[in-house]
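Computed from a prediction, not measured in an experiment: that's the story for all the values here.
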Amino acid sequence: MGDKLYKKKNSAIHNQGLFAKCFIPKNSRVIEYVGEKIPKKESSKRALEWEESAQKSGEGLVYIFELNEEWDIDGRIGENPARYINHSCGGNCEAINDDGEIWIYSIKDIEEGEELSYDYGYDMEHFLDHPCLCGTKKCIGYIVREDQRMKVKKLLRNSKKKVTKE
């Protein structure tokens, strides 16, 4: 499989992250996201349990990726360095389902030493539960997929106006 393109180090975004060991050109396959293949029912159960635990501890504990309509991958199980890739509202990678495998691809050139990141694509439904610390210009302070960020910004703006008026 060749040399790894990444190394795990301390991250300013969230404790630990993966960083480029060398220059990675745009559209490169960087790392496969692996883990235990589990049915949707088990996936939902684990996600709820871990999210509840994460709210108490402050840790990110849900590492579940949708594989298809029936199956997900639990990235906490087994050796899965890809789980250390942090969210960023201005990420340099994306996760792609490539013939039933989840691969992280670079979406721009990545310089040696640069942290690998991608948009986790969370729905805005529970955005308050997912603060974002990426610090990019696109960041609204919460992990929300890009096409819903304007709605969240508007909600936040309106809730601040209500507090100010009261």
Side-chain angles (χ1 to χ4, degrees), residues 1 3-36 38 43 46-67 72-98 101-153 156:
M1 185 164 202
D3 287 340
K4 294 182 212 171
L5 300 175
Y6 56 86
K7 60 184 169 189
K8 187 171 86 168
K9 317 185 335 188
N10 290 338
S11 164
I13 297 174
H14 189 79
N15 299 328
Q16 296 181 46
L18 289 190
F19 292 77
K21 266 178 43 175
C22 58
F23 174 79
I24 302 172
K26 181 179 179 176
N27 299 322
S28 296
R29 240 185 192 195
V30 179
I31 185 174
E32 184 180 3
Y33 193 94
V34 296
E36 180 184 12
I38 55 174
S43 176
R46 289 183 190 184
L48 288 172
E49 288 171 357
W50 292 336
E51 194 160 322
E52 188 177 306
S53 175
Q55 287 176 350
K56 293 175 187 166
S57 69
E59 288 185 57
L61 292 176
V62 180
Y63 297 98
I64 295 176
F65 245 103
E66 183 174 327
L67 194 55
D72 289 339
I73 292 179
D74 180 351
R76 284 190 65 205
I77 309 300
E79 181 64 28
N80 180 27
R83 73 178 180 215
Y84 294 106
I85 300 175
N86 288 309
H87 164 83
S88 176
C89 299
N92 52 22
C93 294
E94 70 180 333
I96 296 177
N97 187 327
D98 195 353
E101 297 175 337
I102 305 298
W103 279 90
I104 309 302
Y105 280 85
S106 58
I107 57 172
K108 53 179 92 167
D109 289 345
I110 302 171
E111 298 299 323
E112 180 179 344
E114 191 177 341
E115 183 167 5
L116 305 177
S117 61
Y118 60 90
D119 183 344
Y120 284 4
Y122 289 173
D123 190 74
M124 67 181 274
E125 185 179 13
H126 301 288
F127 75 90
L128 290 171
D129 294 336
H130 305 287
C132 181
L133 303 172
C134 76
T136 66
K137 290 179 182 177
K138 293 181 175 184
C139 185
I140 61 168
Y142 296 95
I143 300 175
V144 178
R145 70 178 196 242
E146 190 169 13
D147 67 342
Q148 295 183 348
R149 288 187 196 140
M150 287 307 291
K151 290 178 191 174
V152 170
K153 280 176 90 168
L156 292 169

* Would a distance-only check, ignoring hydrogens and angles, find a side-chain to backbone donor-acceptor pair under 3.5 Å from Asp109 to Lys26? -> yes
* **Side chain Arg149, main chain Cys89, donor-acceptor under 3.5 Å** => yes
* Identify the two heavy atoms, one from Leu18 and one from Pro81, that lie closest to each other, and give their separation to 0.1 Å. => CD1-O, 3.3 Å
* **His130 ring center near Tyr142 ring center (under 6.0 Å)** => no
* Classify the side-chain pair Asn86/Ser11 by whether it contains a donor and acceptor separated by less than 3.5 Å. => yes
* Asked: Step by step, would you call Ile31 with Tyr6 a side-chain contact (heavy atoms from CB on, under 4.5 Å)?
  -> CA-CA 8 Å; Ile31 185 174; Tyr6 56 86; 3.4 Å; yes
* Asked: Going through the checks in order, is the side-chain contact (heavy atoms from CB on, under 4.5 Å) test met by Tyr105 and Asp98?
  -> CA-CA 10 Å; Tyr105 280 85; Asp98 195 353; 2.6 Å; yes
* **Under 3.5 Å donor-acceptor, Ser88 side chain and Gly90 backbone** => yes
* What class does the angle between the rings of His87 and Tyr120 fall in, given that below 30° is parallel, 30 to 60° is tilted and above 60° is perpendicular? -> perpendicular
* Asked: Roughly how far, to the nearest 0.5 Å, is CD1 of Ile107 from CD1 of Ile96?
  -> 9.0 Å
* With rounding to the nearest 0.5 Å, note down the distance linking CD1 in Ile64 to OG in Ser43. => 3.5 Å
* Within a strict 4.5 Å, meaning less than it, do heavy atoms of the Tyr122 and Val144 side chains meet? -> no
* Would you call Asp119-Arg145 a salt bridge at under 4.0 Å N-O? -> no
* Side chain of Ser106, backbone of Pro25: donor and acceptor closer than 3.5 Å? -> yes
* Asked: Closest heavy-atom contact between Tyr33 and Ile73?
  -> O-CD1, 4.1 Å
* Asked: Can you check whether Glu112 reaches Phe23 side chain to side chain, under 4.5 Å on heavy atoms?
  -> no
* Structure fact -> So CZ of Arg83 and CD1 of Ile77: to nearest 0.5 Å the spacing works out to 8.5 Å
* Check Ala95 against Tyr118 and note the closest heavy-atom contact, atom names and distance. => CB-CE1, 4.4 Å
* Less than 4.0 Å between a side-chain N and a carboxylate O, is that true for Arg76 and Glu36? -> no
* First locate atom CZ of Phe127, then atom SG of Cys132, and finally report the distance between them rounded to the nearest 0.5 Å. => 13.0 Å
* To do: Can you establish whether the number of heavy atoms outside Lys21 located under 6.0 Å from its atom NZ is more than 12?
  => yes
* To do: List the atom of Ile104, the atom of Cys93, and the distance in Å for their closest heavy-atom pair.
  => CG2-CB, 3.6 Å
* **Heavy-atom pair with the smallest gap, counting every atom of Cys134 and Cys139** => SG-CB, 3.6 Å
* So how far is it from Met124 CE to Ile140 CD1, rounded to the nearest 0.5 Å? -> 8.5 Å
* To do: May I ask you to test the Asn10-Asn15 pair for a side-chain heavy-atom distance under 4.5 Å?
  => no
* Geometric cation-pi criterion, Lys9 with Phe19: 6.0 Å, 45° -> yes
* Asked: Just by distance, do the side chain of Asn80 and the backbone of Gly75 share a donor-acceptor pair under 3.5 Å?
  -> yes
* Do the charged groups of Asp72 and Arg46 touch, with an N to O distance under 4.0 Å? -> no
* Step by step, work out the side-chain contact (heavy atoms from CB on, under 4.5 Å) result for Trp103 and Arg29. => CA-CA 7 Å; Trp103 279 90; Arg29 240 185 192 195; 3.4 Å; yes
* **Between NZ on residue Lys153 and CD on residue Gln148, distance to nearest 0.5 Å** => 15.0 Å
* Asked: How far apart are the closest heavy atoms of Leu116 and Asn92, and which atoms are they?
  -> CA-OD1, 3.6 Å
